[in-house]
There are 2 protein chains.
Amino acid sequence: MIQSIERSSAVLRLLAAGPDRLRVKEIADALGLPKSTAHSILRTLEHVGFAEQDPRTARYRLGRGLTELGKAGLDVNELRSRALDWADTLAARSVESVRIGALQSGSARVVHHVFRPDDTTQSMDNGLIIPAHATSLGKVLLAYDAPAADAVARAGLDAYTRRTVTNRRALAGSLGEIRAQGWGGAVEEWEMGRAGIAAPLRTFGGLVVGAIGIYGPVERICDSRQRPRPALVELVCATAQSISRDLTGPRS
Amino acid sequence: MIQSIERSSAVLRLLAAGPDRLRVKEIADALGLPKSTAHSILRTLEHVGFAEQDPRTARYRLGRGLTELGKAGLDVNELRSRALDWADTLAARSVESVRIGALQSGSARVVHHVFRPDDTTQSMDNGLIIPAHATSLGKVLLAYDAPAADAVARAGLDAYTRRTVTNRRALAGSLGEIRAQGWGGAVEEWEMGRAGIAAPLRTFGGLVVGAIGIYGPVERICDSRQRPRPALVELVCATAQSISRDLTGPRS
DNA sequence: GACAACGTGCGACATTGTCGCACGCTCGGC
DNA sequence: GCCGAGCGTGCGACAATGTCGCACGTTGTC
């Protein structure tokens, strides 16, 4: 039984008990904890949005995160705005178009799109719903959301090219591989001649709330053996990690 | 920032995301955790009532405890039923009457009462509201609930005897002492010639949900120097700890 | 205006949570 | 109906992590 979780639940119950905001000392006394420990728990609870601190009185009360448990975890707009700069940077460094996606009602949706720097003949993909099982972005999202993956597989895996994964078992294996290596690739699974590399975006506790990836011609994305170029993979993963660090960093 | 709390919040978000119940493996994969770790977190969350496991499918979903955060922490009836046997035992061993109390809307209420074994001339105190600042039971409850203590002090500290604590500062000091030693006593603060010894009842994370204590003639409760007899204090504390262990033990 | 009490941060220690592994079991497929 | 894979669960050892004590700077109070 994990001590800190038990304690945090007690803190939440305490905060919920009365309409009054509570001081650190009061909580510490109520639970028989040192001030430091109580403070540490409160900081974490505030960090994840389960508690809030009144900036004026320094007292704590329940946070918005608890009531929002019923809804979608993270606002798509916030994800977008927080990832904007990083996406631009990734596009510049990789010299490819960049997409950020999130799962919405079980399917993958592009929530942000950065054009390839020196290429104007592209379509704006914002808001586009892309096949989750046939793109790197979609597969990464599915890899960390079992129910969605299930729903997609159950709905039927349409073939877009001859390399599209249409076998449920093969898809499950692919998703497992993505989890194992922390990123996912898709080569000509959606459109012939095009490939993508994507990595998950994580919030507190490792919760995946989206994915970011690059998409472009196979000959630029992959090496001679049709495998995603390690340098590009590294770039995508590093960007994803930076965004994740950002998401867990300043307030939520 | 406490890792396990962040992770547990992620688990809760995950459980809240979809209406489907989730498997341990799915949660572990989604957060990038080993199965064991995820399982440990889930067990704890279930333990504190934030998650529930379907006994048939072994899958997890959100628990009732989360939605009940807004209401009183622990049902008084449950506290009563769980403490019944222990209260009887305490009455038998101490040969005194035993009371169990809880805070209700800022004042102390007797939720259970066991008569002194060989004494029939007693009144039934069940449901009785007793002065929180002038009884051992009430003071123990106040010691771990700062807002209630505040409200009581603000409402005015009526004097029932010449030994009743009526000074706010003195009361605060008394409550601090109770926290420090883990039990509280009151000698002729409510009724002349009567004294009490009480200790807190704790749930998960050390949250105080009630108090148990004995009450009787000063000459039996206290030694020659008007101080609570150590043997009785020990008895009360041991009983309180047993009940607390019970409260954190089998399901909530 | 002075004191006390609070919130906050840091560091060292040791407790605690984490991880890897293995056991039974159930579910699904051949 | 049998076999196999995959799951939930439990244990143990390690070391990472949370805990605690202390001290600072500040706020609120008398």
Side-chain angles (χ1 to χ4, degrees), chain A residues 1-11 20-48 51-61 146-147 149-150 153-154 167-170 172-173 175-176 179-180 204-206, chain B residues 1-11 20-48 51-61 146-147 149-150 153-154 167-170 172-173 175-176 179-180 204-206:
Chain A
M1 229 100 296
I2 302 178
Q3 202 179 51
S4 55
I5 295 182
E6 286 190 31
R7 289 176 171 177
S8 66
S9 84
V11 169
D20 325 310
R21 292 153 226 265
L22 294 177
R23 315 174 131 271
V24 174
K25 180 77 181 334
E26 294 174 335
I27 294 172
D29 285 346
L31 301 180
L33 297 175
K35 275 189 305 177
S36 308
T37 305
H39 184 248
S40 175
I41 292 173
L42 281 167
R43 270 224 323 260
T44 307
L45 286 176
E46 185 186 19
H47 190 239
V48 300
E52 287 178 10
Q53 185 180 31
D54 189 326
R56 289 191 45 73
T57 63
R59 302 186 186 207
Y60 290 87
R61 60 186 166 91
D150 228 55
R154 215 176 294 275
N167 182 339
R168 295 191 190 183
R169 177 160 249 106
L175 299 185
R179 284 193 296 268
F204 313 109
Chain B
M1 228 100 298
I2 302 178
Q3 198 181 53
S4 55
I5 295 182
E6 286 190 31
R7 289 176 170 177
S8 66
S9 84
V11 169
D20 325 310
R21 292 153 225 265
L22 294 177
R23 315 175 131 272
V24 173
K25 180 78 181 332
E26 293 174 335
I27 294 173
D29 285 346
L31 302 180
L33 296 175
K35 274 189 306 177
S36 308
T37 305
H39 184 248
S40 176
I41 292 173
L42 281 167
R43 270 225 322 261
T44 307
L45 286 176
E46 185 186 20
H47 191 239
V48 300
E52 287 179 9
Q53 185 180 31
D54 188 327
R56 288 191 46 74
T57 63
R59 303 186 185 205
Y60 290 87
R61 61 187 164 92
D150 228 54
R154 214 177 294 276
N167 182 340
R168 294 191 191 183
R169 177 160 251 104
L175 299 186
R179 284 192 297 267
F204 312 109

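Proteins get letters first, then strands, A, B, ... in listed order; numbering begins at 1 in each.
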Novice: If you assign each of A/Gln3 and A/Arg56 to its closest nucleotide in DNA chain D, which residue comes earlier from the 5' end?
Specialist: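 By nearest-heavy-atom nucleotide position, the 5'-most residue is A/Gln3.
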
Novice: Within this structure, what is the CD-to-C1' distance between A/Glu46 and C/dG9, rounded to whole angstrom?
Specialist: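 From A/Glu46 CD to C/dG9 C1': 15 Å.
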
Novice: Which distance, rounded to the nearest 0.5 Å, do you find between the CD1 of B/Ile2 and the OG of A/Ser4?
Specialist: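 Between atom CD1 of B/Ile2 and atom OG of A/Ser4 there are 5.5 Å.
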
Novice: Using heavy atoms to find the nearest nucleotide of DNA chain C for B/Arg169 and A/Ile2 separately, return the residue whose nucleotide is more 5′.
Specialist: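 Nearer the 5' end of the strand: B/Arg169.
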
Novice: Given atom CG of B/Leu22 and atom P of D/dG8, what is their separation to the nearest angstrom?
Specialist: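 After rounding, the reported distance stands at 10 Å.
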
Novice: To the nearest 0.5 Å, what is the distance between CG (A/Leu42) and NE2 (A/His47)?
Specialist: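 Output value for this atom pair is 14.0 Å.
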
Novice: Given C/dG7, is OP1 or OP2 found less than 4.0 Å from the side-chain N or O atoms of A/Arg23?
Specialist: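 For C/dG7, OP1/OP2 do have a side-chain N/O of A/Arg23 under 4.0 Å.
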
Novice: Are A/Gln53 and C/dT8 close enough that a side-chain N or O sits under 4.0 Å from OP1 or OP2?
Specialist: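 Yes, because at least one side-chain N or O of A/Gln53 sits under 4.0 Å from OP1 or OP2 of C/dT8.
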
Novice: Give, for atom OG1 of B/Thr44 and atom NE2 of B/His39, the distance between the pair rounded to the nearest 0.5 Å.
Specialist: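 NE2 of B/His39 is found 9.5 Å from OG1 of B/Thr44.
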
Novice: Taking A/Ile41 as the fixed residue, which of A/Leu33, A/Val24, A/Ile27 is the one that meets the side chain to side chain contact (heavy atoms under 4.5 Å, CB included) rule?
Specialist: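 With A/Ile41 as partner, side chain to side chain contact (heavy atoms under 4.5 Å, CB included) holds for just one option, A/Leu33.
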
Novice: CZ of A/Arg168 versus C1' of C/dG29: gap in Å, rounded?
Specialist: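 To the nearest whole Å, that distance equals 15 Å.
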
Novice: Among the nucleotides D/dG18, D/dC7, C/dT18, which one has an atom lying closest to any side-chain atom of B/Lys25?
Specialist: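 Of all the options, the side chain of B/Lys25 is nearest to D/dC7.
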
Novice: Out of the candidates B/Arg23, B/Glu52, B/Gln53, only one should pair with B/Tyr60 under the side chain to side chain contact (heavy atoms under 4.5 Å, CB included) rule; please name it.
Specialist: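 By the side chain to side chain contact (heavy atoms under 4.5 Å, CB included) criterion, B/Tyr60 pairs with just one of B/Arg23, B/Glu52, B/Gln53: B/Gln53.
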
Novice: What integer number of Å spans the P atoms of C/dG11 and C/dT15?
Specialist: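 Roughly 22 Å separates the two P atoms.
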
Novice: Calculate, to the nearest 0.5 Å, the distance between atoms CD and CZ belonging to B/Glu46 and B/Arg61 respectively.
Specialist: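 Spacing of CD (B/Glu46) from CZ (B/Arg61) equals 10.0 Å.
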
Novice: Less than 4.0 angstrom between a side-chain N/O of B/Arg7 and OP1 or OP2 of C/dG17, yes or no?
Specialist: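 Checking C/dG17 against B/Arg7, no side-chain N or O comes under 4.0 Å of OP1 or OP2.
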
Novice: A/Leu42 has an atom CG; how far is it from atom P of D/dG18, in whole Å?
Specialist: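 About 15 Å, once rounded to whole Å.
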
Novice: C/dT8 phosphate, OP1 or OP2: any side-chain N/O from A/Tyr60 under 4.0 angstrom?
Specialist: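 Yes, within the criterion.
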
Novice: B/Asp54 CG to C/dT26 P: how many Å, rounded?
Specialist: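 So the two atoms are 15 Å apart, to the nearest Å.
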
Novice: Looking at B/Arg43, I'd like to know whether one of its side-chain N or O atoms comes within less than 4.0 Å of OP1 or OP2 on D/dG10.
Specialist: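 Yes, B/Arg43 has a side-chain N/O under 4.0 Å of OP1/OP2 on D/dG10.
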
Novice: Listed in order of residue number, which residues of residues 28-41 of chain A have a non-hydrogen atom at under 4.0 Å from DNA chain D?
Specialist: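 Contacts with DNA chain D under 4.0 Å: A/Pro34, A/Ser36, A/Thr37.
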
Novice: Give, for atom CZ of A/Arg43 and atom CE of B/Met1, the distance between the pair rounded to the nearest 0.5 Å.
Specialist: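 A/Arg43 CZ to B/Met1 CE: 4.0 Å, rounded to 0.5 Å.
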
Novice: Please report the distance, rounded to the nearest Å, between CD in B/Glu6 and C1' in C/dT18.
Specialist: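 So the CD-C1' distance, B/Glu6 to C/dT18, works out to 15 Å.
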
